Structures are given as C-alpha cells and as structure tokens.
Amino acid sequence: MTNPSLQEQIHTDTENRSNNHSTDDSLDQVITNYIPHSRANGIKTSLTFAWRALLKIKYVPEQLMDATIFPIMFLLMFTYLFGGAIAGSTSDYLQFLLPGILVQTIVTITMYTGIELNNDIRKGIFDRFRSLPIWRPSVLVGALLVDTVRYSLAASIMIGLGLVLGFRPDGGFLGVLIAMALLLIFAFSLSWIWTTLGMIMRTEKALMGVSMMVMFPLTFVSNVFVDPETLPPWLQTVVEVNPISLVVTGIRGSMHGFVTLEDISWVLLWSAIIIVIFAPLTMYLYQKKK
Amino acid sequence: MNRTNTKNDVDRDDLAIEASGLVKKFGEKRAVDGIDLKVRRGTVYGFLGPNGAGKTTTIRMLATLLKIDSGSAKILGHDLVQETEAVRSRISLTGQFASVDEDLTGLENLIFIARLLGCSRRQAKERANDLLNAFGLEEAAKTQVKKYSGGMKRRIDIAASIVITPDILFLDEPTTGLDPRSRNQVWDIVRALVKHGTTVLLTTQYLDEADQLADRIAVIDKGKIIAEGTSGQLKASIGSGRLHVRLLNPDLRPQAQQILADELNTSIQLLSDPTALSALVSNADRVAYALGELARSNITVTDFSLGQPSLDEVFLTLTERQTDSEGKTQEVQS
C-alpha cells in the first residue's frame, strides 16, 4: 500500500518547509505575544491622528506651501496692486487690508482639510480606521488639530510680514491675539464644511471646483478689499449678510481696537452654527460611508 | 493540513462567525442576497467567487464597515449590530487595497496603529519592531510604504492587522497580484495565525489558494452561496472527474460526441482544439465502456485522461448550473 510512504513524504515536506523559513520562529512568537493594552480614550486617539498628520508634513513639506507661500504672495500682491488706487497709499491701505486678507487666506486654506480627507477615504486605510475599536470622530479631530497649527503658522507669517511692511495695529498685542483666536475658531468651524464635502465628493478635483466656486465670491463680495460704502446698495446688502464680512469686521476691529461685543458675538455665533450643522453631518456621512 | 473535517452540526460556542440571511442592497441590486454562514473557531474559511460576486460586501458587513440591510450575525457570540464595539475589539481587517498610510514608513505605520489600540509609546515601538522582524521587513522599517514592492505592502498590511493578534482576521483577496514567492509568504503567515487559534475568513479568486488554505470553502456567485464544503466535498459534488479525449480524425468528432453522450449519459463539451472532447463523469466505471465503444466504431483515440476535477472546473460547473436554474425560475415567473 502506498499510504505510509505518502504520509512520510508529506511529513518530510512539512519539515523542510519549517527549516526553509527562518522567520517562522519569530512569526510564531510575534503572534503569541500578548500585548498589554487598554482602550485608548478619545483624546489619546485624536492626538495619535494628529501625530500622523504631522509626520505627513515631514514627508511632504510641499503641503505647507498653502500656509506659507500663499499668504506672502497674497499680501504683497494686493497691497501693492490696489494700495495706491484704493487708499491713495500702500501703507494706508495695508492698515485696512491686512485683517481682511488674513481672513481670506486662512478661509481659503481651510479647504485643504477636505481634500486631505477625501484622499484618505478613497484609500484602504479608512477601512482600517473604521474597523478599529476607537472613538470615531478622533480621525477628524486629530486632522483638524493639525490644521489649526497650519492656520496659526499662516496667520503668524502674514502678520509678521505685515509688521515689516508697516502695518501698525492700534489694538496692540492683545488685540492681535484676540483677532487670531477669533480667526482660528472660525477656521476650525469652517473646516467641518469641507470635511462634509470631502465625504460627499467623488474626486479631489470635484471638491476643489466646488470649494473655489463657493469661496471665490464669498471672499471677494465682502469687506475684505474695499469699504462696502462705495458699493451699489443691492451689493451692500449682500456684503452685510456675508458671514465672511462679519468675521472680517470682528478681526479688523480687534486688531485696531474698536471691536464691539456684538462683532465678536457674530463671529462666535456663525462658528457655532456651522459646527452644529456640519460636524454631526460629517460624522453621519463617515459612519455610513460605503 | 492535518485538521479533521468539520461536522455539519457544530456546537454554537465553537463558532467564530454565525450569520443567517445576510442581505445588502445597493439601489436595486442585491449585492449580497441571503447568505448563511457558520465558521468554526480556529479555521480558515474561504470565499471563492468572481469579481462582483458579493465576497467583499459580505466581508465588509461582517467587519462592521457596512450596515446590513437584513439578516443577523454573531461574531464570537457578540451581535454584529447591537455590540459593534465588542465586535471591533476582536476582529481585524486587511482590505483589498493597502490599508496603511503609504506616506509613512513601515515602522511609523505600526507604531501608529499600536498607539491607537492603546499601547504605550515604548510598547508600541517594541511591538512594531518585533512585527517588522517577523515579517522580514526590518530593512524596510524606515522606508516609506509607497516605495515597497507589492509583496512587502501586503505583509506590512497584514502586520498592521495583527498588532494586537485578533480573534478573527478578515483578509480580502490577500494575494491578488502577488508573485508566487510573496504569495507563499502570505500563506505562511495565515497558517501561523491559524495555528495559534485565530480564525481567518478570506476571499479569493484563486481556487488554488482556497484549496491550499481553507478548511471550508463557500462558492459565491451573484450574492448567493451556491456551494459549501471542504474542497474535497466540492470536487466530489460535481462528479468523480473529467474525461478528456483527443481523436486522430477531427471529422469524426460529432460521431464521437454522440457515442460518449450515450455511454456516459452526460453532456459532452467540444473544446477549441478540433480533435478534443471533454466531459464531467459521475461514474468512472462507464469510461472504459465508452472508450471501448469508440474503438468499436473505428474512431481512433490518440490520447485520453481522467482526472479529479480542479476547483476551477468545480467553480465553472457550479456557476453554470446556477445560471441554468436561474433561467428556469425566471421562466416560471413570467
């Protein structure tokens, strides 16, 4: 009967197999090793996601361009192009323009949050995140935390350059700090709109297109570049209800020391409204994403 | 594989996955159309089927990534819908596409996952290095994953899935696109995991893979399980083997086809080679008579073979049957 010899053969085959694979032992060991761990809380997982986002900046430093080169470019361009025509002198115009263009720049770079997320979703890694036993929003909260760092960087660069060019905030250091705080709060809330769109849009390009379509008119038809008094009445109405104008008013006021509690409240109210609508919406889309 | 075959009635506690009537609809299409599943602990269960059969959808439902439209499932005794968190802490998933961050290095990826799972900084680093060593990736530890080869990507992906050794590992097409060597490495990892009690549910398009790894196989087509069993059972279910016959004179093929059909009492396939015929045989005894009958009719046979059906043949036969029977049910309805 051939059975015993066949079994012998299989046996030697198995032996050969384990001899040939030097990693077998370490493989066994790594599988049997118990790793002591306890469920990580939401703060820890959010910070871990933030750590990942920071690492990505290390490998793709170009992605910081929007937070460094853009602000410098924008500020120089608009100050020297429009300064003379709009305010008679570039340094006068700078006092008016800087807070506005600061808002425009930061608001524009918030949309990269959505693009990054949209990129992630279309890759397999999102499936892993979603099948891990972790607090689900931490993926987004971590990313937004790092974005806040990017916004601060961009804002600091702009204000620094502004000071060099002759920007003199009447509100002093405290006024600038309040302005920064308001801006970061608003930018953080605005990011949730882009995360929502990042979940819905099928491609990065489509997302870019939609973002531009929304942001371009919203930032230009505002009080960023010109005093609304010079506009036709119907356009003035539009500018007045534009949330970007309200934010600019709050920040311009803070920097030059004539901000009112009402101005600040408007910024906070708008931020709250956006978060209340778009944060849950993003999370809902995130949960049911195929 | 020296594991004994499973019995059909198994103890409930012994089941890693128990699902009944799973359904997932995408619009009008029923991607998964009533799947029942029983997977014993510590075994490898293979989902075999073509693209779009519903394999991935089923795995994604079981891995809590997709909501089930109807049906129910228990993962290690936890209800899939009610106890999602408990399920997630026992399972791990390696998707079809790299489920690691390709911008980061292998080491960073593993530390990242370990930290998310609650390891301390030191533990995370230690574990990451151990895993890289065991998976033969120590030299690529500080290289960005996007620069890895296909096989290395697959390994780092699986390593990320077993940072905490899961009770159930879902592998979605783990070896698609890999060269034979990398494929064997992945197989070795799966075997090592199973040896230590992890249950593995894997999908594959390769019959060879299912044959090699899986204790039980479910053949899936159009969202339904059309056959289930060990690979031996599946092969046996479609007959004892396939007969291949080649003739000297291609002109005589129609005649030979008629004779074989009569003798073997089955349908005969005409292959693209004009001299070749083939048939699935349920009863090997009849083959000798059939060949004798060909000789008596002066049809010269240049060569013939009778072999156990490959899983390929099993699969094609089963899916053909499925299409046939579906055609019939549709006729009845209209």
Side-chain angles (χ1 to χ4, degrees), chain A residues 7 10-11 14 17-18 20-41 44-49 51-60 63 116 119-120 122-136 138-139 142 287-290, chain B residues 2 26 60 63-67 84-105 108-109 112-120 123-124 126-127 130-131 133-136 144 157 159-165 170 172 185 188-189 192-193 195-196 198:
Chain A
Q7 263 178 1
I10 291 172
H11 193 66
T14 334
R17 162 184 289 288
S18 28
N20 286 342
H21 290 69
S22 54
T23 55
D24 264 15
D25 281 347
S26 52
L27 195 60
D28 280 353
Q29 218 166 33
V30 89
I31 288 166
T32 40
N33 260 1
Y34 173 74
I35 311 304
H37 65 285
S38 51
R39 197 179 183 284
N41 62 32
K44 184 176 169 186
T45 52
S46 298
L47 287 175
T48 307
F49 277 106
W51 174 72
R52 164 176 173 257
L54 283 176
L55 279 175
K56 282 174 98 90
I57 294 180
K58 185 175 95 184
Y59 291 113
V60 194
Q63 63 171 292
E116 191 62 28
N119 254 329
D120 258 5
R122 278 178 291 116
K123 290 182 186 147
I125 193 164
F126 231 64
D127 283 349
R128 185 180 303 282
F129 296 160
R130 298 201 313 142
S131 66
L132 287 175
I134 53 172
W135 184 57
R136 286 197 154 192
S138 51
V139 185
Q287 310 270 27
K288 61 166 276 203
K289 191 91 194 167
K290 291 195 273 239
Chain B
N2 48 6
F26 293 127
R60 289 173 65 83
T64 76
L65 293 175
L66 267 184
K67 226 180 109 243
T84 320
E85 276 293 289
V87 170
R88 283 194 188 126
S89 64
R90 308 286 297 274
I91 62 162
S92 206
L93 168 81
T94 302
Q96 227 171 91
F97 307 102
S99 14
V100 291
D101 192 330
E102 301 209 355
D103 287 331
L104 306 188
T105 67
E108 284 163 348
N109 264 297
F112 170 57
I113 301 288
R115 294 282 287 154
L116 286 180
L117 289 170
C119 290
S120 71
Q123 280 169 348
E126 216 175 274
R127 180 67 175 167
D130 287 352
L131 280 165
N133 287 338
F135 280 57
Q144 279 179 287
D157 219 344
S161 298
I162 65 165
V163 166
I164 305 292
T165 309
F170 295 103
D172 198 1
Q185 285 171 330
D188 283 342
I189 294 168
L193 278 164
K195 200 166 91 191
H196 293 288
T198 297

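Note that the structure is predicted; figures quoted are calculated from it, not measured. Below, read A as the first sequence line, B as the second, and so on, with proteins coming before strands; counting in each chain starts at 1. FYI, side chains are in, hydrogens and waters are out, and symmetry mates aren't considered; it's all heavy atoms of this structure.
Side-chain polar atoms of B:S161 and A:R128 form a donor-acceptor pair below 3.5 angstrom.
If you tally non-hydrogen atom pairs under 4.5 Å between each of A:V60, A:T32, A:D120 and chain B, the highest count goes to A:T32. Most heavy-atom pairs under 4.5 Å with chain A: of the set B:A114, B:G95, B:C119, this distinction falls to B:C119. In terms of heavy-atom pairs under 4.5 angstrom with chain B, the leader among A:N41, A:I134, A:L47, A:L132 is A:L132. Per-residue counts of heavy-atom pairs under 4.5 Å with chain A were compared for B:L104, B:V87, B:T94; the largest is that of B:L104. Your options are B:I91, B:D157, B:I113, B:I164, and the one with the most heavy-atom pairs under 4.5 Å with chain A is B:I164. With chain A as the partner, the residue from B:T105, B:I162, B:V100, B:T64 showing the most heavy-atom pairs under 4.5 Å is B:V100.
Heavy-atom distances place both the backbone and the side chain of A:K56 under 4.5 Å from chain B. In this structure, the portions of B:A160 lying under 4.5 Å from any heavy atom of chain A include both its backbone and its side chain. Of the atoms belonging to B:V163, it is backbone heavy atoms, and not side-chain ones, that fall under 4.5 Å from chain A. Looking at B:L116, both its backbone and its side chain come within 4.5 Å of chain A, counting heavy atoms on both sides. B:E102 does not touch chain A: none of its heavy atoms, backbone or side chain, sits under 4.5 Å away. In this structure, chain A has heavy atoms under 4.5 Å from both the backbone and the side chain of B:I189.
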How far apart are the C-alpha atoms of B:E108 and A:R52, what are their side-chain angles, what is the distance that settles it, and do they pass the side chain to side chain contact (heavy atoms under 4.5 Å, CB included) test?
-> CA-CA 8 Å; B:E108 284 163 348; A:R52 164 176 173 257; over 6 Å; no
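To the nearest 0.5 Å, the span separating CG on B:L117 from OG1 on A:T48 amounts to 10.0 Å. Note: A:N119 CG to B:D103 CG = 9.0 Å, rounded to the nearest 0.5 Å. Separating the CD atom in B:Q185 from the CG atom in A:L27 is a distance of 10.5 Å, to the nearest 0.5 Å.
Using modelled atom types, one side-chain atom of B:R127 and one backbone atom of A:V30 make a donor-acceptor pair closer than 3.5 Å. A donor-acceptor distance shorter than 3.5 angstrom exists from the side chain of B:R88 to the backbone of A:R130, with no hydrogens or angles considered. Using modelled atom types, one side-chain atom of B:T165 and one backbone atom of A:I31 make a donor-acceptor pair closer than 3.5 Å.
Between B:R115 and A:A40, the closest heavy-atom pair is O-CB, 4.1 Å. Heavy atoms only, all atoms of each residue included: B:S89 and A:P133 are closest at CA-CG, 3.8 Å. Of all the heavy atoms in B:L65 and A:S131, the pair that sits closest is CD2-N, 4.0 Å. Here the shortest heavy-atom pairing between B:A192 and A:D28 reads CB-OD1, 3.9 Å.
For the pair B:D130 and A:Q29, the minimum side-chain heavy-atom distance is 4.5 Å or more.
Sorted by first then second residue, the salt bridge (Lys or Arg N to Asp or Glu O under 4.0 Å) pairs that include residues 30-41 of chain A, not counting sequence neighbours, are A:R39-B:E85.
Aromatic ring orientation, A:F129 versus B:F112: perpendicular (interplanar angle above 60°, classes split at 30° and 60°).
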